Amino acid sequence: MRDEEHRSDRVEQLISALRDDNDALRDHAIASLGQMGLEAVPQLIGLMADEDAVIREAATSAIVRIGPAVVDRLIEALEDEEWSVREQAASALGKLKDPRGVEPLVKALKDKDGAVRTAAVWALERIGDSRAVPGLIEALSDSTVREDVARVLKKIGDARAVDALIEGLMGNNWMVRRHAAEALGKIGDPRGVEPLIESLKDEDWLVRRNAAESLARLGDKRAIEPLLPLLEDENTIVQETVEGVLASLGWKPERTT
């Protein structure tokens with residue numbers, strides 16, 4: 001019993017140290033709480049609701065140090081009433097990269113709080129599991145996270161996302177268009193060819209460049225004619241990219257005599 005009391009006091013002391021202004025002391029407390037194991041988790045989850053973001057993040061770091069044993073507790077915390085607890089739980093699941101977190105994090109993509117949804121997208125990016133793809137596709141319509149979602153879909157590179165990425169490529173968000181133009185080349189599905197050709201006329205130079213690079217990856221010679229005007233693009237990076245792309249597609253400039 002004395003031993004239990006001693007450990008409980010130790011947890012309390014370390015929790016108090018998380019509030020210290022001294023970074024080294026706080027880091028020591030995070031590491032020590034991580035070694036305390038599951039008994040420290042309830043208090044640490046409580047601190048995830050602290051009004052001070054530094055304390056919230058310190059508590060999350062300590063929980064992550066405990067390791068895979070905390071995953072179930074974090075999944076429960078995704079249902080907490082406090083948005084900040086849900087946000088930190090999502091962040092911690094991402095740092096742990098445990099596949100058990102995928103389905104609960106996909107559910108969190110529909111959380112009423114934007115910060116929680118953003119943290120869930122980030123966590124799913126860290127885990128990189130293709131089971132998240134359908135939920136991420138749905139989240140492309142969420143204006144708060146759609147730019148991040150497009151980036152994650154690009155990273156995962158799953159063909160199920162092609163139709164949604166084509167829609168994003170034709171949409172009005174330039175960041176989504178940039179990611180979508182790159183993603184369609186990475187995925188390598190021929191459905192991307194015509195939309196990418198259309199995107200060679202995009203007002204954003206990086207969309208044009210990414211579309212050109214993706215067309216090189218897709219290797220479809222239909223792209224040659226639409227690419228030619230970009231040899232005189234207003235942006236020199238686009239010009240240089242297109243020269244390389246045309247060469248990869250087998251185009252040779254006509255020699256003037």
Side-chain angles (χ1 to χ4, degrees), residues 68 71 74-75 78 86-87 89-111 114-200 202 204 206-220 222-223 241 245 248-249:
V71 168
L74 290 169
I75 288 170
L78 283 175
R86 301 196 304 276
E87 178 195 29
S91 174
L93 285 166
K95 287 174 180 170
L96 287 163
K97 297 183 183 177
D98 193 298
R100 286 174 289 169
V102 174
E103 287 176 16
L105 285 165
V106 167
K107 189 178 172 191
L109 292 174
K110 294 182 175 175
D111 194 278
V116 179
R117 300 198 301 277
T118 301
V121 174
W122 178 87
L124 289 166
E125 179 176 16
R126 290 286 296 259
I127 299 169
D129 193 308
S130 62
R131 284 178 297 154
V133 168
L136 287 166
I137 288 169
E138 211 175 316
L140 264 178
S141 60
D142 178 349
S143 60
T144 303
V145 296
R146 64 184 172 196
E147 294 170 11
D148 292 329
V149 168
R151 185 187 71 245
V152 180
L153 285 170
K154 174 178 75 181
K155 235 176 184 178
I156 295 174
D158 191 297
R160 287 173 294 174
V162 168
D163 288 337
L165 287 166
I166 288 171
E167 199 174 315
L169 186 62
M170 300 291 113
N172 57 12
N173 183 302
W174 57 271
M175 189 65 84
V176 172
R177 297 201 307 275
R178 287 178 175 186
H179 289 309
E182 196 176 346
L184 288 165
K186 183 181 175 186
I187 293 168
D189 191 296
R191 285 175 290 170
V193 173
E194 289 186 10
L196 285 165
I197 286 173
E198 190 61 33
S199 291
L200 295 173
D202 198 281
D204 184 273
L206 202 46
V207 176
R208 299 196 299 277
R209 192 200 73 175
N210 288 354
E213 285 185 340
S214 287
L215 286 164
R217 285 185 167 193
L218 288 163
D220 193 312
R222 283 179 295 167
T241 300
V245 170
S248 78
L249 292 171

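Along the sequence shown, the residues carry numbers beginning at 1. Reckoned from all heavy atoms, side chains included, excluding hydrogens, waters and symmetry mates. Remember, it's a predicted structure, so these values are computed and weren't measured experimentally.
- Atom-to-atom distance recorded for L140:CG and L153:CG is 5.5 Å, nearest 0.5 angstrom.
- With sequence neighbours left out, the side chain to side chain contact (heavy atoms under 4.5 Å, CB included) criterion links A212 to L200, L227, T241, V242, V245.
- Note on residues 168-180: pairs passing salt bridge (charged side-chain N to carboxylate O under 4.0 Å, His left out), not counting sequence neighbours, are R177-D202, R178-D204.
- When the options H179, E125, E182 are evaluated for a side chain to side chain donor-acceptor pair (under 3.5 Å) with R151, the one that passes is E125.
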- Task: Before giving the answer on side chain to side chain contact (heavy atoms under 4.5 Å, CB included), spell out for L215 and D220 the whole-Å C-alpha distance, their side-chain angles and the decisive distance to 0.1 Å.
- Result: CA-CA 7 Å; L215 286 164; D220 193 312; 5.7 Å; no
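- In this structure, the separation between CD on E213 and OG on S248 is 10.0 Å, given to the nearest 0.5 Å.
- The shortest heavy-atom contact between R126 and G94 is CB-O, 3.3 Å.
- Rounding to the nearest 0.5 angstrom, the gap separating the CG atom in D129 from the CZ atom in R100 is 13.5 Å.
- With hydrogens and angles ignored, the 3.5 Å screen pairs no side-chain donor or acceptor of S91 with any backbone N or O of A119.
- The two atoms that bring A211 and A181 nearest to each other are N-CB, 3.9 Å, heavy atoms only.
- Once rounded to the nearest 0.5 Å, the distance linking CG of L78 with CG of L105 reads 5.5 Å.
- One finds the CG atom of L218 at 9.5 Å from the CD1 atom of I197 (value rounded to the nearest 0.5 Å).
- Shown are V133, I127, L136; of these, the side chain to side chain contact (heavy atoms under 4.5 Å, CB included) with V152 is made only by L136.
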- Message: Does L124 form a side chain to side chain contact (heavy atoms under 4.5 Å, CB included) with V102? I'd like the steps, not just the answer.
- Response: CA-CA 7 Å; L124 289 166; V102 174; 4.2 Å; yes
Distance-only donor-acceptor hits, side chain of residues 161-173, under 3.5 Å, sequence neighbours excluded:
unit_1	atom_1	unit_2	atom_2	d
D163	OD1	R191	NH1	3.2
N173	OD1	M175	N	3.0
N173	OD1	V176	N	3.0
N173	ND2	E147	OE2	3.0

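- With rounding to the nearest 0.5 Å, the separation of CG in L184 from CG in D189 is 8.5 Å.
- Pairing each heavy atom of R117 with each of L109, the nearest pair is CD-O, 3.0 Å.
- Formation of a donor-acceptor pair under 3.5 Å by the R131 side chain with backbone atoms of V106 is not found in this model.
- Between S130 and D158, the shortest heavy-atom distance links the atoms CB-OD2, 3.6 Å.
- In terms of heavy atoms, L96 sits closest to P68 at CD2-N, 4.3 Å.
- For I75 against P104, the heavy-atom pair with the smallest separation is CG2-CG, 3.8 Å.
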